[in-house]
Enquirer: 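Pasting a structure here, questions to come.
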Amino acid sequence: MFGRYNNIQKFIQFQLMVNVATLVINFITVVTSGEAPLTVVQLLRVNLIIDTLRALVLATEGPTKEILTKPPVGRVKQIIIYIMSRHLFAQAVFQITILLTFEFKGEAIFNVEEKVKNTITLNTFVLCQVFNEFNSRKLQKRYIFKGIHK
């Protein structure tokens with residue numbers, strides 16, 4: 001029962017980030033070039049792998065003294081708080097900038113053909129989601145790797 005609300009907030013932050021980045025990247029790329037950089041099958045694979053790992057992390061994360069000392073959360077409290085929206089915006093801008101740069105200038109930057117550029121874009125997207133998992137572990141902390149070795 002401990003930290004259930006906190007875990008829900010973490011999962012919502014993670015899911016919103018993945019979906020916002022995917023939506024914006026695919027929308028901009030389809031409108032400008034007519035082709036989606038991330039296919040449906042690729043997105044399903046990424047979601048399956050990343051969401052499974054994320055659920056396991058949340059399920060195995062033990063209680064902290066900080067969570068146990070917090071008072072219960074009322075029914076009317078917002079689930080998306082300011083800090084979550086700040087993290088969402090920052091991470092979205094970062095991912096969108098990197099992935100759109102790779103999508104539109106990747107062939108020139110890496111001096112590769114289109115298939116290799118698409119692979120680089122997909123792998124970068126996956127790595128961004130792994131980083132997003134670490135980022136959404138702690139909602140209000142700057143040091144996101146604390147306690148990862150436990």
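Note that this is a predicted model, so its numbers are computed, not measured.
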Enquirer: Can you find a pair of side-chain heavy atoms, one from I109 and one from T101, that are under 4.5 Å apart?
Expert: yes
Enquirer: Distance from L16 atom CG to H87 atom NE2, nearest 0.5 Å?
Expert: 14.0 Å
Enquirer: For a quick test of reading the model, state the closest non-hydrogen atom pair linking C128 to Q91 and the distance between them.
Expert: O-NE2, 4.1 Å
Enquirer: Give me the atom names and distance for the closest heavy-atom approach of L100 to I25.
Expert: CD2-O, 4.1 Å
Enquirer: Please find the pair of heavy atoms, one from L99 and one from T121, that lie closest to each other, and give the distance.
Expert: CD2-O, 3.5 Å
Enquirer: Report the C-alpha separation of E35 and V30 in whole Å, then their side-chain angles, then the decisive distance to 0.1 Å, and conclude whether the side chain to side chain contact (heavy atoms under 4.5 Å, CB included) test is met.
Expert: CA-CA 5 Å; E35 294 179 15; V30 166; over 6 Å; no
Enquirer: Please report the interatomic distance CG(L122) to CD(Q42), rounded to the nearest 0.5 Å.
Expert: 4.5 Å
Enquirer: If you measure from OH on Y82 to CG on L88, what distance do you get to the nearest 0.5 Å?
Expert: 12.5 Å
Enquirer: Counting only N and O atoms by type, is there a donor-acceptor contact under 3.5 Å from the side chain of Q13 to the main-chain atoms of K10?
Expert: no
Enquirer: In this structure, would M17 and I80 fall into the same cluster of hydrophobic residues linked by side-chain contacts under 4.5 Å?
Expert: yes
Enquirer: Grab the two heavy atoms, one from A36 and one from N26, that are nearest each other, plus how far apart they are.
Expert: CB-OD1, 4.1 Å
Enquirer: Using only atom types and a distance under 3.5 Å, with no angle test, would you say the side chain of T22 pairs donor to acceptor with the backbone of N19?
Expert: no
Enquirer: Starting at OG1 of T29, measure out to CG of L38 and round the result to the nearest 0.5 Å.
Expert: 8.0 Å
Enquirer: What pair of heavy atoms forms the shortest contact from V20 to A92, and how long is it?
Expert: CG1-CB, 4.2 Å
Enquirer: Go through the steps for I120 and V116 under the test side chain to side chain contact (heavy atoms under 4.5 Å, CB included), then give the verdict.
Expert: CA-CA 6 Å; I120 291 171; V116 176; 4.1 Å; yes
Enquirer: Does F89, at its CZ atom, have more than 12 non-hydrogen atoms belonging to other residues, nucleotides or ligands within less than 6.0 Å?
Expert: no
Enquirer: Tell me whether L23 shares a hydrophobic cluster with I12, the cluster being built from Ile, Leu, Val, Met, Phe, Trp, Tyr side chains joined at under 4.5 Å.
Expert: no
Enquirer: If Ile, Leu, Val, Met, Phe, Trp and Tyr residues are connected whenever their side-chain heavy atoms lie under 4.5 Å apart, and connections chain through other members, are L127 and V46 in the same group?
Expert: no
Enquirer: Regarding Q95 and Q129, is there a side-chain donor-to-acceptor distance under 3.5 Å anywhere?
Expert: yes
Enquirer: Start with the C-alpha distance between L43 and T39, add both sets of side-chain angles, then the distance that settles side chain to side chain contact (heavy atoms under 4.5 Å, CB included), and finish with yes or no.
Expert: CA-CA 6 Å; L43 291 175; T39 65; over 6 Å; no
Enquirer: CZ/F131 to CZ/F94 distance, rounded to the nearest 0.5 angstrom?
Expert: 6.5 Å
Enquirer: What heavy-atom pair brings Q78 and Q9 nearest, and what distance separates the two atoms?
Expert: O-NE2, 4.3 Å
Enquirer: Taking K117 for the side chain and E103 for the main chain, is one N or O donor matched with an acceptor at less than 3.5 Å?
Expert: yes
Enquirer: To the nearest 0.5 Å, what is the distance between CZ on F14 and CE on M84?
Expert: 13.0 Å
